[in-house]
Amino acid sequence: MNFIRLPKVELHLHLDCSLSYAVVAQLAPSVTLDEYRARFIAPAKCTSLADFLTRPPQSIALMQTEAQLRLITQDLFEQLEQDGVVYAELRFAPLLHTEAGLAPHDVVAAVEAATAEAVQRTGIEGRLILCTLRHFSTEQSLTTVKLVEQFKGTTVAGFDIAADEAGFPIDAHIAAFRYAHAAGLPCTAHAGEARGPDSVWETLQYFGPSRLGHGVRSIEDPALLAHLRRHGVHLEVCPTSNIQTNVYADYPDHPIDRLYQAGLSVGINTDARTVTDITLTQEYEKLHAVFGWQPHHFLRCNLAALQAAFVPESLKQRLTDRVIEGYREVV
Ligand SMILES: [Zn+2]
């Protein structure tokens, strides 16, 4: 089966973990392909999420000017185009891109403009999610969520919290999520990756996201699964990334098939195209090989992801029609 041609939706994708060698070579010509592989791509098996998180700073160092941010955004859209993606939400933490003097607002404006341009050029619909990070302060989180509000009506569409779930508590970020809800800003949150169901419960209670980044360890708590299903909370699942960060030992151990069979709203994502060294097409091939997933599984995941997307209903419907049309010949 030709998985490349299947229309794909990707909601969980970190801009700063997805630089192709082509764009790195353009921005830092001295970096050889071998160096790129060693420094930008993490091993297929890291000891932990914290180990995995040592790679993104290599990319972030190359994302400090408006021109760099523009090139890297364009580069990612080219990767998405080759992968058959029709709708993507890219996420990044604006406050990490101010080392060369850009103001956080300028960072977002540069990525936003490049995204809007890429949407026009490629026909891929795209939105941006601005991330706060677990180790950030309350003030940094509030600054980030206020940027989402300031860019309302552009391709900036939502708010997220990322980084080391196991290493830092939620307390500093409760105010930012409260602010997001008061301002009507869509939210997702990383949880249930480096920690188990207790982390997902506290994330739901204090952050109130409509989606969870990963959320896969919810499988350990039947009451939590029932809650997620009842409230239609969407799981942005990234199987290969979870194997890499050692959440699960091997692909067959991953709970994506069980979550799907349990009737949850599940989507398929790469998380980090470079750091994890994976495309969505390759992820679909693995799901097909390991769990026997067929086009109707991928169709259901893509439609579930679109339902959970941070876009207006009218666009959701247009994208849904486009995805269904793309699967018509194979389902
Ligand atoms: Zn992530």
Side-chain angles (χ1 to χ4, degrees), residues 9-19 40-42 46 48-60 63 72 76 79-80 85 88-97 111 126-136 141 144 148 157-168 170 173 177 186-196 199-200 203 207 209-218 233-248 254-256 259 266-280 283 301 305 308-310:
V9 174
E10 182 162 33
L11 301 184
H12 193 123
L13 178 54
H14 294 264
L15 179 64
D16 56 0
C17 296
S18 302
L19 279 60
F40 290 75
I41 299 174
C46 297
S48 66
L49 177 61
D51 177 18
F52 172 93
L53 289 173
T54 61
R55 264 49 181 211
Q58 305 291 332
S59 300
I60 289 164
M63 302 172 74
I72 283 163
L76 182 49
Q79 295 177 52
L80 297 174
V85 173
E89 291 180 4
L90 319 183
R91 62 185 75 192
F92 65 103
L95 302 194
L96 294 180
H97 306 281
V111 179
R127 291 292 183 274
L128 298 169
I129 296 172
L130 306 186
C131 304
T132 188
L133 302 175
R134 281 271 183 164
H135 54 275
F136 275 4
S141 267
T144 306
V148 181
F159 182 56
D160 174 40
I161 181 162
D164 192 357
E165 177 189 11
F168 297 87
I170 61 167
H173 314 292
F177 278 90
C187 295
T188 180
H190 280 68
E193 177 191 19
R195 280 178 56 205
S199 171
V200 178
T203 294
F207 294 165
S210 61
R211 309 184 333 212
L212 290 167
H214 304 285
V216 286
R217 289 194 58 194
S218 306
V233 177
H234 178 75
L235 304 189
E236 306 159 0
V237 180
C238 317
T240 298
S241 163
N242 293 155
I243 310 307
Q244 188 178 33
T245 57
N246 221 16
V247 181
Y248 299 102
H254 196 278
I256 186 168
L259 292 164
V266 168
I268 309 159
N269 306 272
T270 62
D271 199 7
R273 284 172 177 260
T274 299
V275 179
T276 307
D277 198 19
I278 189 88
T279 64
L280 264 189
E283 199 76 72
C301 286
F310 294 159

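Just follow the structure's listing: the first ligand is 1, and inside any ligand the first atom is 1. Counting begins at 1 with the first residue of the sequence.
- Checked against the 6.0 Å centroid threshold, F177 and F159 count as a close aromatic pair.
- Taking backbone and side-chain atoms together, C17 has no N/O/S atom less than 2.8 Å away from the Zn ion (ligand 1).
- Coordination check, H214 versus the Zn ion (ligand 1): failed, since every N/O/S atom of the residue sits at 2.8 Å or beyond.
- Classification of R217 and E165 as a salt-bridged pair fails, no side-chain N sitting under 4.0 Å from a carboxylate O.
- Around the Zn ion (ligand 1), the angle linking H12 (NE2) with H190 (NE2) is 90°, rounded to 10 degrees.
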Check the pair S18, Q79 against side-chain hydrogen bond (donor to acceptor under 3.5 Å, both in side chains), reporting the backbone distance first and the verdict last. CA-CA 9 Å; S18 302; Q79 295 177 52; 5.8 Å; no

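- Counting just the N/O/S atoms of D271, the one with the shortest distance to the Zn ion (ligand 1) is named OD1.
- Here the rule is side-chain contact (heavy atoms from CB on, under 4.5 Å) with N269, and of E89, E283, E236 only E236 fits it.
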